[in-house]
Participant: 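Sharing a structure, written as structure tokens. Questions coming.
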Amino acid sequence: MEKLQLGRFKGYSFEHFRKDLLSGLIVGIVAIPLAMSFAIASGVKPEYGIYTTCIAGIIIALFGGSKYQIGGPTGAFVPILLGIVLAYGYEDLLLAGLMAGILLCLMGLFKLGSFIQFIPRPVTIGFTSGIAVLIFTGQIANFLGLTGVEKHEKFIANMNELVINMPTLNIYNVVVAALCLAVILVTPKIFLKVPGSLAGIIISTIVAILFFSGQVPTIGSAYGAIPNALPQFQMPEITWVRIERLIGPAFVIAMLGGIESLLSAVVADGMTKTRHNSNKELVGQGIANIVTPLFGGIPATGAIARTATNIKSGATSSMSGVIHGIFVLLVLLLFAPHASHIPLASMAPILMVVAWNMSERHHFMHILKLKSADSLVLVVTFLLTVLTSLTIAVEVGLGLALILFTKQMMDAPAIFKVLPDHSRKNAKVQPYVVNTKHDCPQISIYTMEGPLFFGAAQMFEETILSDIDTGANVLILRMSKVPFMDTTGEAYFSNIVQQFQGVILVTGLQPRLQSAMKKSGLYDEIGTEHFFEHTGQAIDAALRYLDRKKCIGCQHFAFRECTQLSKGVRQ
């Protein structure tokens, strides 16, 4: 077969296609039960999950920034989408998904992809674990076959529903669900290439039909027959009132979708030693979420487990993602009516296993055992995700992480008064040389370490200005370990320059900080001639400003050292 020369498929051969075909088929088989399960758990019909897998899967593969990414509905979206459906309805969910797609495209076009990586890991693990708890507990009713259970947005209310309706437990339902769960867990250990979820659904469905016919609810009895037809184009009604009402949910979908897709792309990079394009990935996700709702599909993002399966199955390009979407579409057209016989009890174990696998339990326990500020952020984010909403959890988690980070940064900067240690050959400046009986009243040398920002600027100013009252007429600031200075730090620095009546000399200024000080005018205010590369150069310059009368009879500094410091003046 002649090699293709089409952009990302340059050099693509028949051997590549053969590998992509196999991996695409395997991922497609894995995706079908998950697609229906995620849709049902999100409060919509199972076919909408199939539509999402087909359309979003193909678009994300073609336009995304990772050639191994498999897109579709995911477990992380389940509590979010269910909450939107309960609060606004399915039609508004479609519009919210479309709006989220636009936001994702804008995020990619404005090159915000790299900023998502700055979300603290305790926050992402906290809300991911919280989502896992919500998914798992949300399937208990289907696992036990409880009837009369109403779905609520709040966790406590849903748990209360389980307690109230526990007497309606269906033992046949429990048997089918337990069988499906056992098959899901055992199959991968015996048949490595067989998806456990697919085997679980097939075997438990056959058992339910043969032994418990009419005793357990099915997809058909709950949602009607799944149509074996292509999804129809439908433009949602767009009004300003609906946009205002749904901008919040749309933003949550966009942020979670962006985070999940980029995390999945990072996982793919680690497995394949490649690099994805984060901004292109966001645009691809955005296009998928704009188009998918037009055909009844729910929001989609990169699926970490399916992407990993795709890579392990031998995928070589994004063609595997396209094939996976086409395969799911063919299954819909050819076998959709048979899916109506699947018991809802068979869906519950699939989502429970998904929840267990996405729970980040090992990372959760590791951070928790640290008993640090990260542990607090983790627990708060987790609890708020479960008990309130993802929006509140992320906002509070990020805010708390920022406060704790600022506190740590305030403790990190240090400023030491130093003098040359003449007991050593190299005579480097050291803080232990300075004490009440051993100091220079005319030259003050300070070593600064850490960022000079709003949390540490006041301490910096108070320490330095304390020398104004001592009569020092030269101030040397060693700033080689100051990486940056914000506007608050700049203001305090400027205040020192204005109040200090002597000469200020600065050494070791980093290029980035030097550029910032030049832009602010602080560099010129101090004086270009007062900046030096090394401390020794600054000390030599400082000697010119010594008052020799004060040196005579000075008891605060050893006479030999004072002579050496004063040598430039005396000569």
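Keep in mind that what you see is a predicted model, and the values were worked out from it rather than measured. Note that these values count all heavy atoms, side chains included, but never hydrogens, waters or copies made by symmetry.
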Participant: Give a yes or no answer on whether the side chain of Thr309 reaches the backbone of Ala305 with a donor-acceptor pair at less than 3.5 Å.
Facilitator: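 Side chain of Thr309 to backbone of Ala305: a pair is present.
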Participant: Test of understanding: with side chain to side chain contact (heavy atoms under 4.5 Å, CB included), list the residues that count as partners of Tyr88, not counting sequence neighbours.
Facilitator: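 Testing Tyr88 for side chain to side chain contact (heavy atoms under 4.5 Å, CB included), a comparison that skips the adjacent residues, returns Ile84, Asp92, Arg245, Leu246, Pro249.
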Participant: To the closest 0.5 Å, what do you measure between CD (Glu360) and NE2 (His362)?
Facilitator: 10.0 Å
Participant: CD of Glu533: more than 12 outside heavy atoms within 6.0 angstrom?
Facilitator: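 Not buried by this count: 12 neighbours or fewer within 6.0 Å.
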Participant: Quick one: pull up CD1 in Ile253 and CG in Leu81 and give me the separation to the nearest 0.5 Å.
Facilitator: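 Reported value, rounded in 0.5 Å steps: 5.5 Å.
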Participant: Please report the shortest heavy-atom distance between Leu134 and Thr385, naming the atom on each side.
Facilitator: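 In this case the closest contact between Leu134 and Thr385 is CD1-O, 3.6 Å.
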Participant: Can you confirm whether Leu93 sits close enough to Pro299 that some side-chain heavy atom of one is under 4.5 Å from a side-chain heavy atom of the other?
Facilitator: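 They are in contact (side-chain heavy atoms under 4.5 Å apart), so the answer is yes.
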Participant: Might you point out which heavy atoms bring His530 and Ile504 nearest each other, and give the distance in Å?
Facilitator: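 Heavy-atom minimum between the residues: CB-O, 3.3 Å.
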Participant: Report the distance from atom CE of Met319 to atom NZ of Lys67, rounding to the nearest 0.5 Å.
Facilitator: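 If I round to the nearest 0.5 Å, the distance is 12.5 Å.
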Participant: Who are the ring pair (Phe, Tyr, Trp, His ring centres under 6.0 Å) partners of Phe532, not counting sequence neighbours?
Facilitator: none
Participant: So, does Ser129 use its side chain to make a donor-acceptor pair with the main chain of Gly126 at under 3.5 Å?
Facilitator: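 Looks like no, no N/O pair under 3.5 Å.
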Participant: Any chance the side chains of Ser494 and Gln498 put a donor and an acceptor closer than 3.5 Å?
Facilitator: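 Yes, a side-chain donor-acceptor pair sits under 3.5 Å.
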Participant: Given Ile238 and Leu95, is the side chain to side chain contact (heavy atoms under 4.5 Å, CB included) satisfied, shown in steps?
Facilitator: CA-CA 8 Å; Ile238 302 176; Leu95 181 55; 3.9 Å; yes
Participant: Just wondering, more than 12 heavy atoms not from Arg361 lying within 6.0 Å of its CZ?
Facilitator: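 Yes, because the 6.0 Å sphere around CZ of Arg361 holds more than 12 heavy atoms from other groups.
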Participant: Check step by step if side chain to side chain contact (heavy atoms under 4.5 Å, CB included) holds for Met479 and Phe493.
Facilitator: CA-CA 12 Å; Met479 300 182 66; Phe493 203 139; 3.6 Å; yes
Participant: Does any non-hydrogen side-chain atom of Pro120 lie less than 4.5 Å from one of Val377?
Facilitator: no
Participant: Go through Ile60 and Gln285 one step at a time and tell me if the side chain to side chain contact (heavy atoms under 4.5 Å, CB included) criterion holds.
Facilitator: CA-CA 6 Å; Ile60 289 172; Gln285 297 286 342; 3.3 Å; yes
Participant: On a heavy-atom basis, which atom in His276 and which in Ser66 lie closest, and how many Å separate them?
Facilitator: CB-CB, 3.9 Å
Participant: Between Phe38 and Phe77, is the gap from one ring center to the other below 6.0 Å?
Facilitator: no
Participant: Hey, does Glu237 have a side-chain heavy atom less than 4.5 Å from the side chain of Glu91?
Facilitator: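 The answer is no; the side chains never approach within 4.5 Å.
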Participant: Return the set of residues passing side-chain hydrogen bond (donor to acceptor under 3.5 Å, both in side chains) with Ser264 (not counting sequence neighbours), or none when no residue passes.
Facilitator: Gln69, Thr307
Participant: Looking only at heavy atoms, which two atoms of Ala538 and Thr507 are closest? And how far apart?
Facilitator: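 Looking at all heavy atoms of both residues, the shortest contact is CB-CG2, 3.3 Å.
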Participant: Would you indicate whether the side-chain heavy atoms of Met517 and Ile526 approach each other to under 4.5 Å?
Facilitator: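 Of all side-chain heavy-atom pairs linking Met517 with Ile526, at least one is under 4.5 Å.
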Participant: Quick check: do Ile443 and Tyr545 have side-chain heavy atoms less than 4.5 Å from each other?
Facilitator: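 Side-chain contact under 4.5 Å: no.
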Participant: Which atom names give the shortest non-hydrogen contact between Pro73 and Thr52, and what distance separates them?
Facilitator: CD-CG2, 3.6 Å
Participant: Can you tell me if Thr301 uses its side chain to pair, donor with acceptor, with the backbone of Gly257 under 3.5 Å?
Facilitator: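 Yes: the side chain of Thr301 pairs with the backbone of Gly257.
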Participant: To the nearest 0.5 angstrom, please state how far the CG atom of Leu398 sits from the OG1 atom of Thr124.
Facilitator: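 Result: 10.0 Å between the selected atoms.
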Participant: For residues 477-487, which residue pairs pass the salt bridge (charged side-chain N to carboxylate O under 4.0 Å, His left out) check, not counting sequence neighbours?
Facilitator: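 Checked against salt bridge (charged side-chain N to carboxylate O under 4.0 Å, His left out) - neighbours excluded - the pairs reaching residues 477-487 are Glu449-Lys481.
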Participant: Does atom CZ of Phe484 have more than 12 heavy-atom neighbours from other groups under 6.0 Å away?
Facilitator: yes
Participant: Treating Gln510 as the side-chain partner and Ser480 as the backbone partner, does any N or O pair qualify as donor plus acceptor under 3.5 Å?
Facilitator: yes
Participant: If only atom types and distance count, is the side chain of Thr381 paired as donor or acceptor with the main-chain N or O of Phe127 below 3.5 Å?
Facilitator: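 The answer is no, because no donor-acceptor pair under 3.5 Å joins these two groups.
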Participant: Within this structure, what is the NE2-CG distance for the pair His363 and Leu378, rounded to the nearest 0.5 Å?
Facilitator: 12.0 Å
Participant: Of all residues at least two apart in sequence or in a different chain, which pass the side chain to side chain contact (heavy atoms under 4.5 Å, CB included) check with Ile247?
Facilitator: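 Per chain and number, Ile247 pairs via side chain to side chain contact (heavy atoms under 4.5 Å, CB included) with Met99.
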Participant: Is there side-chain contact between Leu294 and Met235, with at least one heavy-atom pair below 4.5 Å?
Facilitator: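 Side-chain contact under 4.5 Å: yes.
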Participant: Could you tell me whether Lys154 atom NZ has more than 12 heavy atoms of other residues or ligands within 6.0 Å of it?
Facilitator: yes
Participant: Are the side chains of Gln537 and Asp540 in contact, using a 4.5 Å heavy-atom criterion?
Facilitator: no
Participant: Would the distance check show the side chain of Ser318 and the main-chain N or O of Gly321 forming a donor-acceptor pair, the cut-off being under 3.5 Å?
Facilitator: no
Participant: Is there any salt bridge (charged side-chain N to carboxylate O under 4.0 Å, His left out) pair reaching into residues 369-386, and which pairs are they, with sequence neighbours excluded?
Facilitator: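 Listed once each, the pairs would be none.
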Participant: How many angstroms lie between atom CD of Glu490 and atom OG1 of Thr488, to the nearest 0.5 angstrom?
Facilitator: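 Those atoms lie 9.5 Å apart.
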Participant: Give a yes or no on whether the backbone of Ile125 and the side-chain of Thr128 come within a donor-acceptor separation of less than 3.5 Å.
Facilitator: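 No; zero donor-acceptor contacts below 3.5 Å.
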Participant: Which pair of heavy atoms, one from Ala472 and one from Ser444, lies closest together, and at what distance?
Facilitator: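 Heavy atoms only, the tightest pair is CB-OG, 3.7 Å.
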Participant: Hey, are the side chains of Ile135 and Pro79 touching, using non-hydrogen atoms and a 4.5 Å cut-off?
Facilitator: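 Yes; the side chains approach each other to less than 4.5 Å.
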Participant: Please answer whether the main-chain N or O of Asn289 pairs with a side-chain N or O of Thr292 as donor and acceptor at a distance below 3.5 Å.
Facilitator: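 Looks like no, no N/O pair under 3.5 Å.
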